[in-house]
Enquirer: 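My questions will all concern the structure given below.
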Protein chains: 2
Amino acid sequence: MYEDLKYWYLRDHKLFRTLSYSQIKQLCIITGFKKASKGEIIYFSTSDVPRIFLLKKGNIKIVAIDDDGNETIKDIIQKGDLFGELTLESDNKNEEYAKVLSDDVAICSFLMSDFEDLLLRNPTLALSYTKFVGLKMKRIKNSYANLISKDAKTRLYQFLKDWAEKEGIQNGNTIVLDNYLTQSDIAQIICTSRQTATQLLNEMESNNLLSYNRKEIVIPDITKI
Amino acid sequence: MYEDLKYWYLRDHKLFRTLSYSQIKQLCIITGFKKASKGEIIYFSTSDVPRIFLLKKGNIKIVAIDDDGNETIKDIIQKGDLFGELTLESDNKNEEYAKVLSDDVAICSFLMSDFEDLLLRNPTLALSYTKFVGLKMKRIKNSYANLISKDAKTRLYQFLKDWAEKEGIQNGNTIVLDNYLTQSDIAQIICTSRQTATQLLNEMESNNLLSYNRKEIVIPDITKI
DNA sequence: GGCTAATTGTAAATTAGCCGACATTTTCCT
DNA sequence: AGGAAAATGTCGGCTAATTTACAATTAGCC
């Protein structure tokens, strides 16, 4: 992989903004690079050395399989997100894989040990990273708090609001979302059955709260959600 | 507050183990100290400077109040836990308070800015802290994963197992838990109604899976839970 | 000791939403 | 183009669990 490309990939991420040009140049910690297209499944082979991944392009979902063989969506990773063992602790016993949601994705990865060394040498970066992880935790807490003691409808509304805020293209009160999720995906994220999600979405559609199709979701007035 | 006490309070915590005696001595970042007794409510005044808290003794619960005035238990903090804005980002808009569960507690606190400076000066500490936060995140993820798509009974069982593992006094397969929670607390933690929790606990009692009273919970055989 | 508030016990009514079963539509692949 | 697979739409029965409502017990306090 070209040095220049590596440079840009890191430079681009807000986490590395605190570093100077020469510092980034020196890193060269990116050791892996991968492209994949829609529907592909990427396994994080547990036998391998622990890695941290950086999604450069596209969307993927992290899926876990529990003992009963049920799939659970653990995370939706978007462009620019770091993922993998953010805790800097490898634990090998979890059965997880990633599935590509968007047309194609680009993922680069670096070794956890390299990243740790880097953090040790750059206290400012370490602090940014700490805040980064903390922020992620807060988001998880919030989204889970949302799941609990609220009914499916409220959860769907909240999910749509969050999604709109994060990725929606806003025009006045109108929001357009690039819909790379199936209704089944949405159902899993808000922890309900596929049928209930379908029902609620259709209900919203008849109430003119949104218009749904497989390509995009249009919310005419986000303030009504 | 005496320097010696401060020293021991920090030295005691696994997070600060990486620091030398003299380093800890130099810190003196503890700026607040508080004792409180059962039932007391501690507010984290949002007008105040952002702080990080360290629970030295006892148990407290963090309670959030949502828009409808419903109480939700956000966290149970145990002896030795750090809490507060672990994200190192202050956000002022959340209505949270802490309630003392055990007979009495001791809490010390330090300023977030002081702590940040400390992390900048000690990259190793920063790394430990990140792992610490990461671990907490992992625990939260797991406990929430447990809440979802499992029924109330399974959730109660899992909660008891976790509790037993964390704080139970084990003697063979028998576990004794110091019960500082009410059934209503337990219900909130496992996200069910108080009545359902009561019912399930009584059901377990009649099946000889545990014996419950307000002081302690005895689980004769943890392997059966 | 006795009063009050908090906690725990119990039961019936009601409901959200899961599940199974199927039809229909859309997308994808060769 | 055409067939298969995936995604979406729809329905009714079923069940866990919430809600409402009240009784009984225990703890805390003066």
Side-chain angles (χ1 to χ4, degrees), chain A residues 37-41 61 63 68-73 99-104 146-159 179-207 210-217, chain B residues 37-41 61 63 68-73 99-104 147-159 178-207 210-217:
Chain A
S37 51
K38 194 166 187 170
E40 248 181 271
I41 287 177
K61 62 176 175 183
V63 181
D68 309 335
N70 299 317
E71 286 200 348
T72 326
I73 292 188
K99 192 170 182 186
V100 179
L101 294 173
S102 51
D103 286 339
D104 53 353
N146 170 35
L147 284 180
I148 300 164
S149 71
K150 302 269 169 67
D151 62 2
K153 192 176 197 165
T154 315
R155 266 151 33 203
L156 176 61
Y157 278 43
Q158 189 60 49
F159 165 73
N179 182 21
Y180 49 83
L181 297 173
T182 66
Q183 295 191 358
S184 169
D185 284 333
I186 294 174
Q188 280 187 66
I189 293 169
I190 63 170
C191 287
T192 188
S193 64
R194 203 267 311 159
Q195 292 93 322
T196 304
T198 301
Q199 240 171 20
L200 289 171
L201 283 170
N202 288 338
E203 187 185 310
M204 290 179 80
E205 192 141 27
S206 17
N207 293 338
L210 59 74
S211 101
Y212 181 97
N213 69 53
R214 293 183 196 196
K215 292 278 176 225
E216 63 178 22
I217 298 175
Chain B
S37 51
K38 194 166 186 170
E40 250 182 270
I41 287 178
K61 61 176 175 183
V63 181
D68 308 335
N70 298 317
E71 286 199 348
T72 326
I73 292 188
K99 191 170 183 187
V100 179
L101 295 172
S102 52
D103 285 339
D104 53 351
L147 284 180
I148 301 163
S149 71
K150 302 269 169 68
D151 62 3
K153 192 176 196 165
T154 315
R155 265 148 40 200
L156 176 60
Y157 278 43
Q158 189 59 49
F159 165 72
D178 175 29
N179 182 21
Y180 48 83
L181 297 173
T182 66
Q183 295 190 359
S184 170
D185 285 333
I186 294 173
Q188 279 188 67
I189 294 169
I190 64 170
C191 287
T192 187
S193 65
R194 202 268 311 159
Q195 292 89 326
T196 305
T198 301
Q199 243 170 21
L200 289 171
L201 282 171
N202 289 337
E203 187 186 310
M204 291 180 79
E205 193 142 27
S206 21
N207 293 338
L210 58 75
S211 101
Y212 180 98
N213 68 53
R214 293 182 197 195
K215 292 279 179 226
E216 63 177 24
I217 298 175

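Since this is a predicted model, take the numbers as computed values, not measurements. Quick note on labels: first sequence line is chain A, next is B, and so on, each numbered from 1.
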Enquirer: Measure the distance from NZ on Lys215(B) to C1' on dT8(C) and round it to the nearest whole Å.
Expert: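 My rounded result for the distance is 15 Å.
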Enquirer: With a 4.5 Å limit on heavy-atom distance, are the side chains of Gln188(B) and Arg194(B) in contact?
Expert: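 No, side chains not in contact.
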Enquirer: Would you mind reading off the distance between Lys150(B) atom NZ and dT15(D) atom P, rounded to a whole angstrom?
Expert: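 Nearest whole value for this atom pair: 22 Å.
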Enquirer: State the pairing partner of dA6(D); accept Watson-Crick or G-U wobble contacts with both distances under 3.5 Å, and report none otherwise.
Expert: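 The base-pairing partner of dA6(D), which may sit in any strand shown, is dT25(C).
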Enquirer: Compare the minimum distances between each of dT19(D), dA16(D), dT8(C) and the side chain of Ser193(B), then state the nucleotide with the smallest one.
Expert: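 Out of dT19(D), dA16(D), dT8(C), the nucleotide with an atom closest to Ser193(B)'s side chain is dT19(D).
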Enquirer: Between dG9(C), dG9(D), dG17(C), which nucleotide gets closest to the side-chain atoms of Ala152(A)?
Expert: dG17(C)
Enquirer: What is the distance from atom CD1 of Ile73(B) to atom NZ of Lys99(B), rounded to the nearest 0.5 Å?
Expert: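 One finds 9.5 Å between CD1 of Ile73(B) and NZ of Lys99(B).
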Enquirer: To the side chain of Arg214(A), which of dA16(C), dA27(D), dT25(C) is closest?
Expert: dT25(C)
Enquirer: Using atom CG of Leu101(B) as one end and atom P of dT7(C) as the other, report the distance to the nearest whole Å.
Expert: 11 Å
Enquirer: Distance check needed: dG17(C) P versus Leu156(A) CG, whole Å only.
Expert: 11 Å
Enquirer: Mind calculating the distance between CD (Gln183(B)) and C1' (dT7(C)) to the nearest angstrom?
Expert: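 Result: 8 Å.
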Enquirer: Kindly say if Thr192(A) contacts the phosphate of dC18(C), meaning a side-chain N or O under 4.0 Å from OP1 or OP2.
Expert: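 Checking Thr192(A) against dC18(C): at least one side-chain N or O falls below 4.0 Å of OP1 or OP2.
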Enquirer: Should dT15(C) form a Watson-Crick or G-U wobble pair with both distances under 3.5 Å, which nucleotide is its partner?
Expert: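 With both distances under 3.5 Å, dT15(C) matches dA16(D).
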Enquirer: Categorize Thr182(B) for me: base, sugar-phosphate, or nothing, with a 4.0 angstrom heavy-atom threshold over every strand shown.
Expert: sugar-phosphate
Enquirer: Rounded off to whole Å, could you give me the CZ-to-P distance for the Arg194(A) and dA21(C) pair?
Expert: 14 Å
Enquirer: May I have the step-by-step check of side chain to side chain contact (heavy atoms under 4.5 Å, CB included) for Leu200(B) and Glu203(B), ending in yes or no?
Expert: CA-CA 5 Å; Leu200(B) 289 171; Glu203(B) 187 186 310; 4.1 Å; yes
Enquirer: Hey, which sits more toward the 5' end of DNA chain C by its nearest nucleotide, Gln199(B) or Asn179(B)?
Expert: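 Looking at DNA chain C, the more 5' nearest nucleotide goes with Asn179(B).
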Enquirer: Rounded to the Å, how far apart are Ile41(A) CD1 and dA6(D) P?
Expert: 11 Å
Enquirer: Between Leu181(B) (CG) and dA6(C) (C1'), how many Å, whole number?
Expert: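 Taking CG of Leu181(B) and C1' of dA6(C), I get 15 Å after rounding.
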Enquirer: Kindly say if Asn202(B) contacts the phosphate of dT8(C), meaning a side-chain N or O under 4.0 Å from OP1 or OP2.
Expert: no
Enquirer: Identify whether the distance between the nearest side-chain nitrogen and carboxylate oxygen of Asp104(A) and Lys38(A) falls below 4.0 Å.
Expert: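 No, no charged N to carboxylate O under 4.0 Å.
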Enquirer: I'd like to know if Gln195(B) reaches the base of dT20(D) with its side chain such that a donor and an acceptor end up less than 3.5 angstrom apart.
Expert: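 When only heavy-atom distances are counted, Gln195(B) does reach the base of dT20(D) through a donor-acceptor pair under 3.5 Å.
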Enquirer: Quick one: does Lys215(A)'s side chain get under 4.5 Å of Asn179(A)'s, heavy atoms only?
Expert: no
Enquirer: Output yes when at least one side-chain N/O atom of Thr196(B) is less than 4.0 Å from OP1 or OP2 of dT18(D), else no.
Expert: yes
Enquirer: Please pick, from dG9(D), dT19(D), dT8(C), the nucleotide with the shortest atom-to-atom distance to any side-chain atom of Tyr212(B).
Expert: dT8(C)
